[in-house]
Amino acid sequence: MGNTVDVQQASYDNSIGEPYLAAAWKDPKFDPQQRAFYYVRVLEIPTPRWTTYDAKFFGVPLPKDVPASIQERAYTSPIWYTP
């Protein structure tokens with residue numbers, strides 16, 4: 001995945017990735033006699049970390065012990081299958 005974070009300006013450009021995603025997936029090893037669960041994991045594009053925004057706003061150096069950008073993740077609730 002790309003990274004458009006401009007650390008010096010504490011900004012990013014939302015020009016990578018897709019705003020919407022639709023897909024159909026079929027479990028190739030699905031066994032109707034076996035329990036299963038499914039979930040989706042989503043990765044966001046990298047954005048400036050809050051410390052990067054603060055460093056720009058207050059005109060102070062970036063902290064050396066933390067990354068300048070972060071990449072958030074989200075997980076859906078599981079979908080359970082019980083035979």
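Counting from 1, the numbers follow the sequence of the chain as shown.
- Considering only heavy atoms from C-beta on, Leu62 comes within 4.5 Å of Thr52 through its side chain.
- Around the CZ atom of Phe30, the shell of radius 6.0 Å holds more than 12 heavy atoms that belong to other residues, nucleotides or ligands.
- When all heavy atoms of Thr51 and Pro63 are compared, the pair lying nearest together is CB-CG, 4.0 Å.
- Linking ILVMFWY side-chain heavy atoms closer than 4.5 Å, directly or via other members, places Val5 and Tyr53 in a single hydrophobic cluster.
- Residue Pro46 comes nearest to Gly2 through the heavy atom pair CD-O, 3.3 Å, listed as atom of the first residue, atom of the second, then distance.
- We find the CG-CG distance between Asn3 and Asp13 to be 11.0 Å, quoted to the nearest 0.5 Å.
- Residues Pro83 and Gln34 fail the side-chain proximity criterion, which asks for heavy atoms closer than 4.5 Å.
- In the hydrophobic cluster analysis, where Ile, Leu, Val, Met, Phe, Trp and Tyr join through side-chain heavy atoms closer than 4.5 angstrom, Tyr81 is grouped apart from Phe37.
- Rounding to the nearest 0.5 Å gives a distance of 13.0 Å between OG1 of Thr76 and OH of Tyr38.
- The two residues Pro48 and Tyr12 have their closest heavy-atom pair at CD-CD2, 3.4 Å.
- With hydrogens and angles ignored, the 3.5 Å screen pairs no side-chain donor or acceptor of Gln71 with any backbone N or O of Ile45.
- In the hydrophobic clustering of ILVMFWY residues, with side-chain heavy atoms under 4.5 Å counting as a link, Ile16 and Val7 come out together.
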For Asp6 and Gln8, what are the C-alpha separation, side-chain angles and deciding distance, and is it a side chain to side chain contact (heavy atoms under 4.5 Å, CB included)? CA-CA 6 Å; Asp6 181 345; Gln8 299 305 316; 3.8 Å; yes
